[in-house]
Q: 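Take this structure, written in structure tokens, and hold onto it; I'll ask about it next.
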2 protein chains.
Amino acid sequence: MGNSKLYKGSLNTIILKLLEESDKMYGYEITQKVKEITKGELNITEGALYPALHKLEAEGLLDVEMQKVDNRLRKYYKLTEKGTTETANRLSELEEYIRTMQTIINPNWSIN
Amino acid sequence: MGNSKLYKGSLNTIILKLLEESDKMYGYEITQKVKEITKGELNITEGALYPALHKLEAEGLLDVEMQKVDNRLRKYYKLTEKGTTETANRLSELEEYIRTMQTIINPNWSIN
DNA sequence: CTCTTATGCATAAGAGTTTTAGGTATATAT
DNA sequence: ATATATACCTAAAACTCTTATGCATAAGAG
């Protein structure tokens, strides 16, 4: 139950998509958001999340902004312009991949 | 175009699903079949396929049967009983994962 | 007042899966 | 003769994630 393993490669797209919706988010918030909207199905581990955020930042897809709340530090990430474009690309790639997988899994539905 | 990278973890499920449909297949046949039904979208590399087949066999999910056709050797794989059960499990896991991803990607469709 | 849980960041070692790049061999088409 | 298709295989590298840590503050439970 819950906590199904991530299919490797989808984490970045998940992050980008959430940032596209929420404008700006911090790491911990992302883990909670994913847990919430998937009803606990998917748990993003911090060991995967933080390196992924750093990489997306290094690639110029995210901007960072530090903020102190209740004496605790938060690193808010938001999409750059390049990041917004790239998000659209990766989303359509993922959607295409999902369609492809459905074709394989459900060969009867030749609705593609 | 085409040749999108595999989301890691889905290859085994693809193999199992194809064998569930076709009863018995050999490696090269699997690569061609995937290319055909995905219209060239997905190309299974042999470097991934053959080790995966060997592993599934070692796990007792597949049985092998050698056959010589036109002086060329083919290794036909088919699901064991255990493999059939496991195929059903992995398919529902993958379907659940796809539903989860759709929830994230398409938050408007709260049809889940 | 101390201990646990929640919040918030981070990195390193290991495991797992795939790509890339080779290798062998036969059959068929150019 | 040479290239392409068929048919198998493996090893090294790349990539992504899990697991296991570490640090620090805030809030709640006992």
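Below, read A as the first sequence line, B as the second, and so on, with proteins coming before strands; counting in each chain starts at 1.
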Q: Would you please test T87(A) and L61(A) for side-chain contact (heavy atoms from CB on, under 4.5 Å) and show each step?
A: CA-CA 9 Å; T87(A) 300; L61(A) 305 184; over 6 Å; no
Q: Filter on salt bridge (charged side-chain N to carboxylate O under 4.0 Å, His left out), then keep only pairs touching residues 6-19 of chain B, sequence neighbours left out; what's left?
A: K17(B)-E20(B), K17(B)-E21(B)
Q: What is the distance, rounded to the nearest whole Å, between atom CG of L49(B) and atom C1' of dT10(D)?
A: 13 Å
Q: Check the distance between dA5(D)'s C1' and N43(B)'s CG and give it to me in whole angstrom.
A: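 Going from N43(B) (CG) to dA5(D) (C1'), I get 15 Å.
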Q: Does the Q32(A) side chain pair with the main chain of E29(A), one donor and one acceptor, at a distance under 3.5 Å?
A: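 A pair under 3.5 Å: no.
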Q: Search all heavy atoms of A48(B) against all heavy atoms of P51(B) and return the closest pair with its distance.
A: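 Minimum heavy-atom contact is O-CD, 3.6 Å.
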Q: Decide side-chain contact (heavy atoms from CB on, under 4.5 Å) for K24(B) and L19(B); before the verdict, give the C-alpha distance in whole Å, the side-chain angles of both, and the deciding distance to 0.1 Å.
A: CA-CA 6 Å; K24(B) 84 178 179 189; L19(B) 286 175; 5.6 Å; no
Q: So which heavy atom on I30(A) is nearest to which on I15(A), and how close?
A: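 What the structure gives for the nearest pair is CD1-CG2, 4.3 Å.
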Q: With 3.5 Å as the limit, what N/O pairs link the protein to nucleotides 21-25 of chain D?
A:
from, atom 1, to, atom 2, distance (Å)
dT25(D), O3', N71(A), ND2, 3.4

Q: Can you tell me how far C1' of dT19(C) sits from CG of L42(B), to the nearest Å?
A: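 After rounding, the gap between these two atoms is 13 Å.
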Q: Just the rounded figure in Å: distance from C1' of dA25(C) to NZ of K75(B).
A: 16 Å
Q: Toss me the dot-bracket line for DNA chain D: Watson-Crick and G-U wobble, both under 3.5 Å, 5' to 3', using | for pairs to another strand and [ ] for crossers.
A: ||||||||||||||||||||||||||||||
Q: Heavy atom of residues 12-36 of chain A under 4.0 Å from DNA chain C: which residues?
A: Y26(A), G27(A), Y28(A)
Q: Taking Y7(B)'s backbone N and O only, do any of them form a donor-acceptor pair with Y97(A)'s side chain (distance below 3.5 Å, no angle check)?
A: yes
Q: Would you state whether a donor and an acceptor, one from the side chain of K8(B) and one from the base of dC17(D), lie under 3.5 Å apart?
A: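 No, no donor-acceptor pair under 3.5 Å.
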Q: Measure CG/L53(B) against C1'/dT17(C) and give the value in whole Å, please.
A: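 For the pair L53(B) CG and dT17(C) C1', the rounded distance is 14 Å.
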Q: Check each residue of residues 56-64 of chain A for a non-hydrogen atom within less than 4.0 Å of any atom in DNA chain D, then write out the ones that pass by number, or none.
A: none
Q: Mind listing the closest non-hydrogen atom pair of Y28(B) and Y50(B) along with its distance?
A: N-OH, 3.7 Å
Q: Backbone N or O of G83(B) within a donor-acceptor pair of the T80(B) side chain at under 3.5 Å?
A: yes
Q: Which pairs count as salt bridge (charged side-chain N to carboxylate O under 4.0 Å, His left out) when at least one residue sits in residues 68-86 of chain A, sequence neighbours excluded?
A: E86(A)-R90(A)
Q: Could you state the OH-C1' distance from Y50(B) to dT10(D), rounded to the nearest angstrom?
A: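 Computing the Y50(B):OH to dT10(D):C1' distance gives 12 Å.
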Q: In whole Å, what is the span from the OH atom of Y7(A) to the C1' atom of dC17(D)?
A: 14 Å
Q: What's the shortest heavy-atom distance between L53(B) and G27(B), and which atoms?
A: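 Heavy atoms of L53(B) and G27(B) come nearest at CD1-CA, 4.0 Å.
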Q: Apply side-chain contact (heavy atoms from CB on, under 4.5 Å) to E57(A) and Y77(A), showing your working.
A: CA-CA 8 Å; E57(A) 186 196 350; Y77(A) 291 91; 4.2 Å; yes
Q: For L73(A) and for H54(A), find the nucleotide of DNA chain C with the closest heavy atom, then tell me which residue's nucleotide is more 5'.
A: L73(A)
Q: Hey, is the side chain of T45(B) poking within less than 4.0 Å of OP1 or OP2 on dT18(C), counting only N and O atoms?
A: no
Q: Rounded off to whole Å, could you give me the CD1-to-P distance for the I44(A) and dT16(D) pair?
A: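 It is 14 Å, rounded to the nearest whole Å.
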Q: So what does K68(B) hit on the nucleic acid, given a heavy-atom distance under 4.0 Å: a base, only sugar-phosphate, or nothing?
A: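 No contact.
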Q: side-chain contact (heavy atoms from CB on, under 4.5 Å) between I104(B) and L42(A): does it pass, once the steps are laid out?
A: CA-CA 11 Å; I104(B) 296 173; L42(A) 207 56; 4.2 Å; yes
Q: First locate atom CG of N43(B), then atom OG1 of T38(B), and finally report the distance between them rounded to the nearest 0.5 Å.
A: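 N43(B) atom CG to T38(B) atom OG1 measures 7.0 Å (nearest 0.5 Å).
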Q: Assign G9(B) to base, sugar-phosphate, or nothing according to its heavy-atom contacts below 4.0 angstrom with the strands shown.
A: sugar-phosphate
